[in-house]
Amino acid sequence: MTPNGNASQRRVLVTGTGGPSGVSFMKALADDPWDIYSADIDPYAAGLYLVDSDHRAIVPRGDSETFVAEIVELCVRERIDVLVPTVDSELLPLAIARTELAEHGVALVLASEQTLRDCLDKWTLHDRCAGALRVPDTVLVDADFDPGDCTPPVIVKPRSGSGSRGVHRVDDREELARLPRDATLLVQEYLPGTEYSLDVLARADGVIVAVVPRARLKVDSGIAVTGRTIHDESLGRIGSLVAQRIGLTSVANVQVKLTSDGEPALLEVNPRFPGTMSLTVASGVNMPRLCVQEALGLGMPSEIQPFAEIAMVRFLEEHFMDFSEIEALQTEVESVRG
């Protein structure tokens with residue numbers, strides 16, 4: 001791979017900038033010398049307006065047949081050096097296109113295709129980690145599913161998906177008996193303890209550089225709006241162990257919850273930058289910066305990065321502009337969607 005341009009002209013494209021993951025990534029690079037480009041499917045995406053107008057792009061949905069081709073064309077046209085996807089539907093298509101992107105001088109900050117497949121399918125992840133660390137009792141709702149084998153309360157969740165969409169508690173076997181037996185759902189042991197998110201950073205060679213546990217003190221629509229970083233050796237160990245089991249080579253968000261006996265058990269892994277990355281950055285570990293540096297061939301530390309215990313609350317913030325800026329992207333949407 002040959003980098004595009006010299007060091008002072010390096011360009012980083014972040015996708016999904018209508019969501020907290022993309023915005024937090026961009027904010028983490030605010031003091032760095034790289035040019036930041038912002039892309040989303042929605043002309044109203046807030047992150048589009050955090051960069052100059054000529055650094056914005058409307059792109060197709062990640063599940064569109066034209067998505068990869070248009071992202072590659074955008075990267076070539078804008079001479080992008082580093083591409084950072086933050087939307088689940090974009091991850092696998094871009095991981096599969098990693099070699100094609102590299103041929104155009106674009107480094108992809110993203111876990112490997114195999115790691116993504118292991119994490120995005122929660123049933124596969126369960127099998128991958130069971131026996132190596134504490135996981136909740138979990139069964140697949142397929143033709144062999146027997147509600148009598150479950151002890152309510154339990155958690156029902158989609159086999160794939162992100163955030164809290166489709167996740168709910170079930171308190172009786174009658175409701176379990178009505179679940180569709182199409183292998184798209186999991187029934188999981190209910191864990192009563194505190195939930196934590198572990199931001200884990202691994203180098204391209206798999207060396208673990210940081211594990212920053214965060215307590216999710218208040219959650220709204222699957223996103224932590226109040227939280228704190230916390231030093232806890234048991235959480236640090238489980239974050240490192242999960243990273244090793246899935247072969248992590250970038251950043252992932254490992255979600256765990258305490259059992260009734262206080263042991264952390266794995267819920268799921270989001271193999272991308274989380275929406276609350278800003279808290280991890282503020283605690284002293286700028287994972288976005290470290291990943292971009294490595295992607296540009298500038299290296300990454302091998303020693304474990306220290307962090308401080310701090311707390312965070314989130315609030316809305318406005319950005320004002322002339323409506324013509326939004327109007328221009330509305331027109332671009334029409335062009336992209338044909």
Side-chain angles (χ1 to χ4, degrees), residues 11-30 34-78 80 82-95 97 101 106 108-110 116 120 158 160-166 219-225 251 253 270-278 288 314-338:
R11 300 178 175 190
V12 180
L13 171 61
V14 184
T15 71
T17 55
S21 299
V23 170
S24 65
F25 193 100
M26 294 169 63
K27 290 169 65 177
L29 302 186
W34 310 306
D35 284 338
I36 308 302
Y37 285 68
S38 176
D40 199 89
I41 65 173
D42 184 0
Y44 304 126
L48 291 173
Y49 303 97
L50 300 181
V51 299
D52 294 338
S53 60
D54 60 350
H55 285 39
R56 305 167 185 163
I58 297 296
V59 296
R61 291 171 54 93
D63 55 7
S64 166
E65 292 182 358
T66 65
F67 171 71
V68 170
E70 295 198 35
I71 288 290
V72 171
E73 192 278 331
L74 173 62
C75 289
V76 171
R77 183 176 72 245
E78 300 296 345
I80 298 299
V82 179
L83 172 61
V84 185
T86 68
V87 179
D88 283 351
S89 64
E90 300 175 350
L91 304 184
L92 267 176
L94 289 176
L101 288 162
V106 182
L108 183 63
V109 176
L110 180 63
L116 292 174
L120 295 175
S160 61
S162 59
S164 58
R165 288 183 290 274
V219 178
D220 186 0
S221 301
I223 301 296
V225 295
V251 167
N253 174 247
N270 298 308
R272 55 167 172 76
F273 289 86
T276 316
M277 176 54 64
S278 296
R314 266 200 171 110
F315 57 91
L316 290 175
E317 183 177 355
E318 295 78 21
H319 181 75
F320 302 97
M321 73 211 80
D322 190 276
F323 178 69
S324 62
E325 295 190 42
I326 296 176
E327 196 170 32
L329 290 182
Q330 287 177 323
T331 301
E332 190 173 339
V333 168
E334 296 174 2
S335 173
V336 167
R337 296 177 183 172

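Residues take their numbers from the sequence shown, with the count starting at 1. No hydrogens, no waters, no symmetry mates; every other heavy atom, side chains included, goes into these values.
If you run side chain to side chain donor-acceptor pair (under 3.5 Å) between Ser38 and each of Thr15, Thr17, Asp52, only Thr17 comes through. Between Leu83 and the choices Val14, Val72, Val109, Leu94, the side-chain contact (heavy atoms from CB on, under 4.5 Å) rule is met once, by Leu94.
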Kindly indicate, with the supporting measurements, whether the criterion side chain to side chain contact (heavy atoms under 4.5 Å, CB included) is fulfilled by Arg314 and Thr276.
CA-CA 10 Å; Arg314 266 200 171 110; Thr276 316; 3.5 Å; yes
Discussion item. Quick one, Arg56 with Glu325, criterion salt bridge (charged side-chain N to carboxylate O under 4.0 Å, His left out). Give me CA distance, side-chain angles, the key distance, then yes/no.
Written reply: CA-CA 10 Å; Arg56 305 167 185 163; Glu325 295 190 42; 2.6 Å; yes
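A side-chain donor-acceptor contact under 3.5 Å links Ser21 and Arg272.
Of the inter-residue distances, the one linking Ser89 atom OG with Leu91 atom CG reads 7.5 Å to the nearest 0.5 angstrom. Residue Asp42 holds its CG atom at 9.5 Å from CG of Leu329, rounded to the nearest 0.5 Å.
Ring planes of Tyr37 and His55: parallel class, angle under 30° (limits at 30 and 60°).
In this structure, Glu70 and Val59 have side chains that are not in contact, with every pair of non-hydrogen atoms separated by 4.5 Å or more. For the pair Ile71 and Pro93, the minimum side-chain heavy-atom distance is 4.5 Å or more. Using a 4.5 Å heavy-atom threshold, the side chains of Met321 and Tyr49 count as touching. In this structure the side chain of Leu74 reaches within 4.5 angstrom of the side chain of Leu13, judged on heavy atoms.
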